[in-house]
Amino acid sequence: MDIHPILALVTSFGLILLGNAMEGGHLSSLIQPTAGLIVFGGTLGAVWLGSPPSELKTVGRQLPTLLKPKVADRVRLREDILKVTTVVRRDGMLAVENILPTIGDERLRRGLQMLVDGNSGEDVRRVLELDAEVHEHHELAAAKLWTDAGAYAPTVGILGAVLGLIHVMSNLSDPSKLGAGIAVAFVATVYGVGSANLIFLPLGYRFKKLVQQDSEDRQMIMVGISGIVAGSNNRQLSEMMAPFLPHGHEHDAKGGADAAKAAA
């Protein structure tokens, strides 16, 4: 579980509220249900109107990845690929079926199963590339909804401010109502700008980066499968996958030895 998003939100909102308190402001002055209804309701409606249902559903499936990102352990992925390479070079491709249950990554397992079933390396690569392109397209479209919300929210906040000022102007004869109207006006702007820059835009960028990481995972898998089909040995395949590995693991020779031992 990745708690960094929660810590980031707590830090940003906490420090802003602390600064507001140090300036003499009160939390109660920032709680305006009317302003929240205008800003978040208007932003939701704008995003809903501009997005097909399929993208909205993808957003719902994407949210759990905020705390549990679906990114591969690339060191483990390399070890699995090298283990398969050892088996293929020693016993042939059909023998890979015996170790498929030990392969942790579902995408790698799927590609290897296709090879075991007799598909050519080119066909497997084509299927995996198409799957990667479609997956990336849908995930990026869902991530864009968050950045779209970040673009709409400040404008809707201004709309809320204008509505609040209209209310103020219509009650100039009743000074008791001026304070509430002005509060709604300014708090709506705070809600719009704050939610855009502290929630919506950062979430959009975060999801885009997770999609990019997933795409790199898939590229590493395709490189591994291509190497297996080409008959590359463990050292050659390790060098081919080195650019995808975390810093410090690029030229870790131990990975190849562990993989060979596991396959023995």
Side-chain angles (χ1 to χ4, degrees), residues 2-71 136-168 179-215:
D2 184 4
I3 64 171
H4 288 92
I6 297 176
L7 293 177
L9 287 171
V10 170
T11 299
S12 58
F13 280 99
L15 291 178
I16 289 173
L17 293 176
L18 177 60
N20 177 63
M22 292 174 66
E23 288 292 330
H26 299 283
L27 179 62
S28 59
S29 64
L30 297 176
I31 301 176
Q32 297 290 341
T34 304
L37 183 64
I38 292 172
V39 173
F40 297 114
T43 301
L44 173 63
V47 172
W48 190 355
L49 179 61
S51 308
S54 59
E55 292 181 3
L56 294 174
K57 292 179 181 178
T58 304
V59 169
R61 294 194 300 269
Q62 196 178 54
L63 272 175
T65 65
L66 183 64
L67 298 179
K68 293 184 177 180
K70 295 180 180 179
V71 293
E136 182 177 8
H137 171 75
H138 288 301
E139 293 296 318
L140 286 178
K144 187 176 181 297
L145 296 187
W146 294 99
T147 55
D148 287 345
Y152 297 139
T155 304
V156 179
I158 294 174
L159 176 62
V162 173
L163 292 175
L165 291 176
I166 291 175
H167 177 69
V168 170
I182 294 174
V184 171
F186 284 102
V187 171
T189 304
V190 171
Y191 282 3
V193 175
S195 63
N197 291 281
L198 298 177
I199 301 177
F200 298 136
L201 292 176
L203 280 179
Y205 297 142
R206 183 178 184 85
F207 284 130
K208 285 181 180 179
K209 291 176 181 177
L210 290 175
V211 173
Q212 291 170 356
Q213 290 180 21
D214 180 80
S215 296

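What you see below is based on every heavy atom in this structure, not just the backbone, and it leaves out hydrogens, waters and symmetry mates. The shown structure was predicted, so the numbers you read here are calculated from the model rather than taken from an experiment.
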Quiz item: How many angstroms lie between atom CG of L159 and atom OG1 of T189, to the nearest 0.5 angstrom?
Solution: 10.0 Å

Quiz item: Heavy-atom count around I3 CD1 within 6.0 Å, excluding the residue itself: above 12?
Solution: no

Quiz prompt | side-chain hydrogen bond (donor to acceptor under 3.5 Å, both in side chains) against D214, all qualifying residues, sequence neighbours excluded | solution = R107, H135, R218

Exercise. Would you give the length of the straight line joining atom CD of E23 to atom CG of L18, rounded to the nearest 0.5 angstrom?
Key: 10.5 Å

Quiz item: Could you give the distance from CG (L140) to CG (L210), rounded to the nearest 0.5 Å?
Solution: 11.0 Å

Exercise. Could you tell me which non-hydrogen atom of P202 sits nearest to which non-hydrogen atom of A196, and how far apart they are?
Key: CD-O, 3.7 Å

Practice problem: Begin from the C-alpha positions of T147 and K208 and carry the test side chain to side chain contact (heavy atoms under 4.5 Å, CB included) through to its verdict. | Solution: CA-CA 10 Å; T147 55; K208 285 181 180 179; 4.2 Å; yes

Quiz item: Say you draw a straight line from CG of D148 to OG1 of T43; how long is it, rounded to the nearest 0.5 Å?
Solution: 11.0 Å

Exercise. Would you name the heavy atoms of G42 and V156 that are closest together and state the gap between them?
Key: CA-CG1, 4.1 Å

Exercise. Taking all heavy atoms of A142 and all of T58, pick out the closest pair and write down the distance.
Key: CB-CG2, 3.5 Å

Quiz prompt | Check against side chain to side chain contact (heavy atoms under 4.5 Å, CB included), L17 and L30 | solution = CA-CA 10 Å; L17 293 176; L30 297 176; 3.8 Å; yes

Quiz item: Does the pair L198 and I16 meet the rule for a side chain to side chain contact (heavy atoms under 4.5 Å, CB included), with working shown?
Solution: CA-CA 11 Å; L198 298 177; I16 289 173; 3.4 Å; yes

Quiz item: Considering all heavy atoms of both residues, which atom of I31 and which atom of Y191 are nearest to each other, and what is their separation?
Solution: CA-OH, 3.6 Å

Practice problem: Could you tell me how the ring of F200 sits relative to the ring of F40: parallel (under 30°), tilted (30 to 60°) or perpendicular (over 60°)? | Solution: perpendicular

Quiz item: Rounded to the nearest 0.5 Å, what separation is found between the CD atom of E55 and the CD atom of E139?
Solution: 11.0 Å

Practice problem: List the atom of S51, the atom of L56, and the distance in Å for their closest heavy-atom pair. | Solution: CB-CD2, 4.1 Å

Exercise. Give the intermediate values and the outcome of side chain to side chain contact (heavy atoms under 4.5 Å, CB included) for residues V59 and F207.
Key: CA-CA 10 Å; V59 169; F207 284 130; over 6 Å; no

Quiz item: Shortest non-hydrogen contact from Y152 to A46?
Solution: CD1-CB, 3.7 Å

Quiz item: When rounded to the nearest 0.5 angstrom, what is the spacing between CG in L203 and OG in S195?
Solution: 11.0 Å

